[in-house]
Amino acid sequence: PHCQGEIHWCQAWSEPNAGSDLASLTTRAVEDGDDYVLNGQKIWSTGAHRTDWAFTLARTNPEERRHRGLSYFLLNLRTPGVTIRPVPDMAGDLIFNEIFLDDVRIPKRNMVGEKDRGWYITLDTMNFERSAAGVLAAARRAVERLVQFAKETKVDGKSLWQNPFVRHRLAQLFIEAEVGRAMCYRVAWMQSKGEITAHQASATKVYGSELGQRIAYTGCQITGLYGQVKSGSKWAPLMGKFEKSYRTCVGMNIAGGTSEIMRNII
Ligand SMILES: Cc1cc2nc3c(=O)[nH]c(=O)nc-3n(C[C@H](O)[C@H](O)[C@H](O)COP(=O)(O)OP(=O)(O)OC[C@H]3O[C@@H](n4cnc5c(N)ncnc54)[C@H](O)[C@@H]3O)c2cc1C
């Protein structure tokens with residue numbers, strides 16, 4: 001069901017006062033019979049309003065040092081006590097959510113790995129996200145679309161494709177997308193061998209998100225003033241793709257760990 005997309009997952013790590021310093025999270029999970037009972041609040045959970053399950057992290061041992069004493073749970077978002085409230089982003093889109101947990105019972109079998117050792121599994125999960133394969137696949141596709149646009153578009157009677165500035169910018173982005181692709185393959189290869197990819201995945205995450213910004217910026221330059229028209233309008237080139245990615249690329253330097261934190265890890 002997971003591979004066929006019948007069950008959707010989101011990640012519920014961040015809290016109002018625990019983002020980069022995730023180990024300071026305060027959501028508690030207390031053992032009670034065959035269950036753990038969770039109380040706390042998560043925030044920024046992408047897509048939680050459209051998903052069925054969440055990966056989450058909660059403190060099971062308040063006596064232990066920060067990274068210890070945290071456990072990893074699979075949380076069914078339909079469980080009584082879970083309240084999901086969407087938070088509009090700066091573009092007005094509904095992507096983010098707050099998740100409130102009030103006496104939410106999770107069966108013990110839904111704990112992944114050992115009790116109090118969830119931090120290390122969380123890092124592994126994050127390294128899959130940070131390998132940024134989706135971001136870099138999208139980068140290549142975006143460059144291809146810009147190439148196509150330049151070939152099909154004339155400005156002042158001249159093809160954009162003949163403009164040396166446009167050609168060099170696109171050539172540079174093509175090179176960078178290929179570099180990112182090679183970085184992704186390396187991380188995937190290491191992960192396939194069960195190796196730890198902390199700094200390699202972090203490097204790919206920084207590179208992919210910053211390349212996404214360069215592509216969005218160049219996309220807006222090449223599509224010109226009409227490039228600022230939103231999708232849905234007949235005037236929006238490439239269905240408003242670069243108008244949208246210009247707005248959303250800001251968050252990609254924050255999602256999954258900020259660029260500053262990635263550089264700290266590297
Ligand atoms: C598009 C998007 C999607 C997201 N999706 C999810 C999701 O699905 N699930 C989820 O749990 N969370 C999600 N998040 C939240 C994201 O993980 C956090 O926003 C991120 O970890 C940063 O935490 P914070 O916002 O609390 O910022 P803070 O940790 O408060 O950081 C503020 C600033 O200080 C800098 N900073 C902090 N500590 C250091 C340090 N030690 N060294 C250098 N600089 C530092 C940061 O880089 C940042 O610039 C998402 C965020 C975005 C933008």
Side-chain angles (χ1 to χ4, degrees), residues 2 7-29 38 40-59 66-67 70-77 82-101 104 106 112 118-136 138-139 198-199 201-213 215-216 243-266:
H2 304 281
I7 296 180
H8 297 105
W9 290 78
C10 67
Q11 303 187 104
W13 315 122
S14 306
E15 298 188 358
N17 293 308
S20 301
D21 184 16
L22 188 62
S24 63
L25 63 80
T26 56
T27 293
R28 281 295 317 272
L38 271 70
Q41 185 196 341
K42 300 291 177 177
I43 193 166
W44 313 125
S45 302
T46 302
H49 57 312
R50 297 208 193 101
T51 52
D52 312 291
W53 287 79
F55 304 112
T56 196
L57 191 63
R59 185 160 297 285
R66 291 165 11 100
H67 298 84
L70 297 171
S71 299
Y72 188 122
F73 294 95
L74 306 181
L75 166 64
N76 183 333
L77 293 172
V82 175
T83 307
I84 298 173
R85 194 162 70 189
V87 180
D89 66 12
M90 68 180 184
D93 294 333
L94 290 180
I95 297 168
F96 298 132
N97 295 272
E98 292 176 293
I99 303 179
F100 299 91
L101 304 169
V104 175
I106 300 187
V112 180
W119 178 255
Y120 309 97
I121 303 172
T122 304
L123 293 185
D124 275 347
T125 308
M126 286 180 176
N127 285 335
F128 278 98
E129 179 181 9
R130 291 172 182 168
S131 66
V135 173
L136 282 152
H199 74 264
S202 301
T204 310
K205 165 48 179 65
V206 174
Y207 188 84
S209 58
E210 294 184 358
L211 173 59
Q213 288 191 326
I215 292 175
E243 178 276 330
K244 175 149 188 165
S245 56
Y246 193 78
R247 284 184 284 117
T248 54
C249 69
V250 179
M252 299 316 287
N253 285 357
I254 302 169
T258 68
S259 291
E260 290 77 23
I261 297 299
M262 295 303 98
R263 288 190 164 93
N264 287 353
I265 292 171
I266 295 163

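We number each residue from 1, following the sequence as shown. Whatever order the structure lists ligands and atoms in, that order sets their numbers, starting from 1. Fair warning: this is a prediction, and the values are worked out from it, not measured in the lab.
Heavy-atom proximity to F96, at under 4.0 Å, picks out these atoms of ligand 1: 1 (C), 2 (C), 3 (C), 4 (C), 52 (C). When each atom of ligand 1 is checked for a heavy atom of S45 under 4.0 Å away, the hits are 7 (C), 8 (O), 9 (N). Listed by atom number, the atoms of ligand 1 under 4.0 Å from I261 heavy atoms are 38 (N), 39 (C), 40 (C), 41 (N).
By heavy-atom distance, the residue among S14, S259, A48 lying nearest atom 11 (O) of ligand 1 is S14. Which of G19, S20, P16 comes nearest to atom 28 (P) of ligand 1 through a heavy atom is settled by distance: it is S20. Closest heavy-atom approach to atom 5 (N) of ligand 1 within the set I43, N17, T46: this belongs to T46.
Within the 4.0 angstrom cut-off, atom 32 (C) of ligand 1 has no protein heavy-atom neighbours. Distance check on atom 35 (C) of ligand 1: every protein heavy atom falls at or beyond the 4.0 Å cut-off.
Counting only distance, with no hydrogens or angles, the side chain of K205 and the backbone of M252 share a donor-acceptor pair below 3.5 Å. Put simply, the side chain of S245 never gets that close to the backbone of A216: no donor and acceptor are under 3.5 Å apart. Under the 3.5 Å distance criterion, the side-chain polar atoms of H8 are left unmatched by any main-chain donor or acceptor of G47. The closest donor-acceptor contact from the side chain of K42 to the backbone of L57 lies under 3.5 Å.
Checking only distances, E260 does come within under 3.5 Å of ligand 1, N or O to N or O.
If you check which protein heavy atom lies closest to atom 51 (C) of ligand 1, you get A255 CA, 3.7 Å. What sits closest to atom 20 (C) of ligand 1 on the protein, heavy atoms only, is I254 O, 3.7 Å. The protein heavy-atom contact nearest to atom 53 (C) of ligand 1 is G251 O, 3.4 Å. Among all non-hydrogen protein atoms, the one lying nearest atom 9 (N) of ligand 1 is Q11 O, 2.8 Å. For atom 6 (C) of ligand 1, the nearest protein heavy atom (residue, atom name, distance) is W44 O, 2.8 Å.
Only the side chain of N264 comes within 4.0 Å of ligand 1, judged by heavy-atom distances. When heavy-atom distances to ligand 1 are checked against a 4.0 Å cut-off, T258 comes that close only through its side chain, counted from C-beta outward. Contacts between D89 and ligand 1, counted as non-hydrogen atom pairs separated by less than 4.0 Å, are absent for every part of the residue.
When T125, I265, V135, T204 are each tested for a side chain to side chain contact (heavy atoms under 4.5 Å, CB included) with R130, only one passes: I265.
More than 12 heavy atoms of other residues, nucleotides or ligands lie within 6.0 Å of CG in N76, so this atom counts as buried by the packing criterion.
In this structure, L101 and V104 approach most closely via the heavy-atom pair CA-CG2, 3.8 Å. In this structure, A48 and N97 approach most closely via the heavy-atom pair N-ND2, 3.2 Å.
For C10, the heavy-atom gap to ligand 1 stays at 4.0 angstrom or more.
Side-chain contact check for T122 versus F55: every heavy-atom pair is 4.5 Å or farther apart.
Salt-bridge formation is not detected for the pair R247/D89: no Lys NZ or Arg NE/NH1/NH2 atom is positioned less than 4.0 Å from an Asp or Glu carboxylate oxygen. The existence of a salt bridge linking R59 and E15 is excluded, since no basic side-chain nitrogen approaches an acidic carboxylate oxygen closer than 4.0 Å.
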